[in-house]
Amino acid sequence: MNGRLLTIADLSAWYNRENTVLRDFSIELQEHEVVGLIGLNGAGKTTFIKTLSGLHESFHAEEIRLYDRPVKFRDQGFKTCRYTVFAEDHSFQYFTFREYMSYVFAAYGQKQQDAEPLVRGFHFENYTDVLLKDLSTGNKKKAFLITAFALKPKLLLLDEPVNGLDFQSTEFLYELIAGYKEYGTVLFSSHILESITLTSDRVLVLENGKIRRSFEGEQINAGGIREALHD
């Protein structure tokens, strides 16, 4: 039986004390599952992923546990367990994709893996030696997604991963997400209902910084989630 990967209890996050984005937010992630976060604009999806990624400092949590051990989001042991693909990312602009991927594998202390099947799957063959700053929005997203799925972290965080992708790449991404349970856990946010219903084992509906509803297994259907979003 799969165990608990990550437990977060009573998380609050804010940009100023008058603007609390997440409040009393608790979540458990199991090993080898796909969890989708969906909510209207301003629900807190991106803030949660940035906090989990160690990029948002204004937060408080009663408890954070990785494999039932207390951790902090910026602990080295936690950072090497997770990798995040952000909705927009303008870092490493003067790296090519190949240089960036080499850097990431070295930073995570891993031997670089063959990413060619991923490169072909995303139709990225002509862009592997182009500076990231010179890539289109969609191709830049592909560079980070290829790196993520080649790295295979225990916890893969994806913030609006479909944004900017063409149809073929979107279909390929759905296959990768659905099959990722072999390697680890995916937590991803999306405002596109299709991406959630096609890939997730659990769907969490966020509203006003809290998890309002949870859907699992056969409960996951577009109609029920759409109703929860608009209630």
Side-chain angles (χ1 to χ4, degrees), residues 2-8 29-35 48-56 64-133 135 139-162 165 169 172-189 199 201:
N2 296 334
R4 276 184 303 212
L5 174 65
L6 182 67
T7 302
I8 301 172
L29 299 178
Q30 305 299 315
E31 295 180 287
H32 307 291
E33 70 168 343
V34 177
V35 178
F48 176 57
I49 289 181
K50 285 184 176 180
T51 303
L52 197 52
S53 302
L55 296 184
H56 185 76
I64 307 169
R65 300 181 74 87
L66 179 70
Y67 294 115
D68 287 328
R69 299 189 300 271
V71 294
K72 297 179 180 179
F73 292 139
R74 291 190 172 185
D75 286 351
Q76 186 62 25
F78 182 64
K79 290 195 289 186
T80 55
C81 281
R82 59 109 177 105
Y83 179 91
T84 307
V85 178
F86 296 100
E88 293 185 17
D89 194 337
H90 302 291
S91 59
F92 299 95
Q93 293 294 282
Y94 288 89
F95 280 39
T96 67
F97 158 73
R98 293 194 185 280
E99 291 169 340
Y100 173 72
M101 192 168 71
S102 177
Y103 169 83
V104 168
F105 273 85
Y108 278 75
Q110 292 192 29
K111 179 181 178 182
Q112 188 164 329
Q113 301 298 308
D114 178 19
E116 292 309 309
L118 293 165
V119 169
R120 292 193 298 271
F122 279 110
H123 304 284
F124 194 70
E125 297 94 325
N126 295 329
Y127 305 100
T128 56
D129 296 308
V130 177
L131 293 178
L132 295 182
K133 75 177 185 68
L135 294 176
N139 280 324
K140 192 179 297 184
K141 176 67 68 68
K142 292 177 185 181
F144 293 122
L145 286 169
I146 292 167
T147 302
F149 283 98
L151 185 66
K152 298 184 179 69
K154 293 296 184 183
L155 176 59
L156 176 56
L157 305 171
L158 307 174
D159 186 19
E160 302 288 356
V162 175
L165 296 184
S169 295
F172 183 59
L173 176 62
Y174 290 163
E175 294 177 14
L176 291 174
I177 292 174
Y180 197 79
K181 289 180 286 186
E182 178 181 351
Y183 310 105
T185 296
V186 178
L187 175 68
F188 78 105
S189 73
T199 60
D201 299 307

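What you are looking at is a predicted structure, and each value in this text was computed from that prediction instead of being measured.
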*Backbone of F86 reached by a side-chain donor or acceptor of D89 within 3.5 Å*: no
_Heavy-atom side-chain contact between E182 and H32 under 4.5 Å_ = no
*Within the distance-only criterion (no hydrogens, no angle test), does the side chain of R74 pair as donor or acceptor with the backbone N or O of G54 below 3.5 angstrom?*
yes
*Sub-4.5 Å side-chain heavy-atom contact between E31 and R4*: no
*Could you tell me whether a side-chain N or O of S102 sits under 3.5 Å from a main-chain N or O of R98, the two making a donor and an acceptor?*
no
_Atom pair CE/OG1 of M101 and T128 - distance to nearest 0.5 Å_ = 9.5 Å
_Heavy-atom side-chain proximity of F144 to L132 below 4.5 angstrom_ = yes
*Which distance, rounded to the nearest 0.5 Å, do you find between the CD of Q93 and the CG of L131?*
9.0 Å
_Least distance between heavy atoms, F78 atom then L52 atom_ = CE2-O, 3.4 Å
*H56 backbone acceptor or donor facing K50 side chain under 3.5 Å*: no
*In sequence, state the C-alpha distance, the side-chain angles, and the governing distance for V130 and F97, and then conclude on side-chain contact (heavy atoms from CB on, under 4.5 Å).*
CA-CA 7 Å; V130 177; F97 158 73; over 6 Å; no
_Checking V162 against Y174 for the side-chain contact (heavy atoms from CB on, under 4.5 Å) test, could you report, in this order, the C-alpha distance in whole Å, the side-chain angles of both residues, the deciding distance, and whether it holds?_
CA-CA 9 Å; V162 175; Y174 290 163; 3.9 Å; yes
*Please report the closest heavy-atom contact between V85 and A148, naming both atoms and the distance.*
CG2-CB, 3.7 Å
*Identify the two heavy atoms, one from L158 and one from I49, that lie closest to each other, and give their separation to 0.1 Å.*
O-CD1, 3.6 Å
*Rounded to the nearest 0.5 Å, what's the gap from CG on L6 to CG on D68? Could you check?*
10.5 Å
*asked:* Quick one, Q110 with L151, criterion side-chain contact (heavy atoms from CB on, under 4.5 Å). Give me CA distance, side-chain angles, the key distance, then yes/no.
replied: CA-CA 8 Å; Q110 292 192 29; L151 185 66; 3.8 Å; yes
_Close side-chain approach of L66 and F73, heavy atoms under 4.5 Å_ = no
*CG/L156 to OH/Y83 distance, rounded to the nearest 0.5 angstrom?*
9.0 Å
*Between Y180 and F149, ring centroids under 6.0 Å*: yes
_Distance-only side-chain donor-acceptor flag, S189 / D159, under 3.5 Å_ = yes
*Residue among Y94, Y127, F92 satisfying ring pair (Phe, Tyr, Trp, His ring centres under 6.0 Å) with Y100*: F92
*asked:* Check this for me: Y103, atom OH, are more than 12 non-hydrogen atoms of other residues, nucleotides or ligands nearer than 6.0 Å?
replied: no
_As an exercise, state the distance from CZ of F124 to CZ of F172, rounded to the nearest 0.5 Å._
13.0 Å
*Side-chain donor-acceptor pair present, K142, S169, cut-off under 3.5 Å*: yes
*Checking D114 side chain against E116 main chain: does a donor-acceptor pair fall under 3.5 Å?*
yes
_What's the separation between atom CG in L176 and atom CG in L145, rounded to the nearest 0.5 Å?_
8.5 Å
*List the atom of S53, the atom of T84, and the distance in Å for their closest heavy-atom pair.*
OG-OG1, 2.7 Å
*Can you tell me if R65 uses its side chain to pair, donor with acceptor, with the backbone of V71 under 3.5 Å?*
no
*Is the distance between the ring centroids of F105 and Y108 less than 6.0 Å?*
no
*Closest approach of K141 and L165, non-hydrogen atoms and distance?*
CG-CD2, 3.9 Å
*Under 3.5 Å: donor-acceptor pair, side chain of D201, backbone of V34*: yes
*Determine yes or no for a side-chain-to-main-chain donor-acceptor pair under 3.5 angstrom, with Q113 supplying the side chain and K111 the backbone.*
yes
*asked:* Taking the cut-offs as 6.0 angstrom to the six-membered ring centre and 45 degrees off its axis, would you call K152 and Y183 a cation-pi pair?
replied: yes
*Begin from the C-alpha positions of L118 and T147 and carry the test side-chain contact (heavy atoms from CB on, under 4.5 Å) through to its verdict.*
CA-CA 9 Å; L118 293 165; T147 302; over 6 Å; no
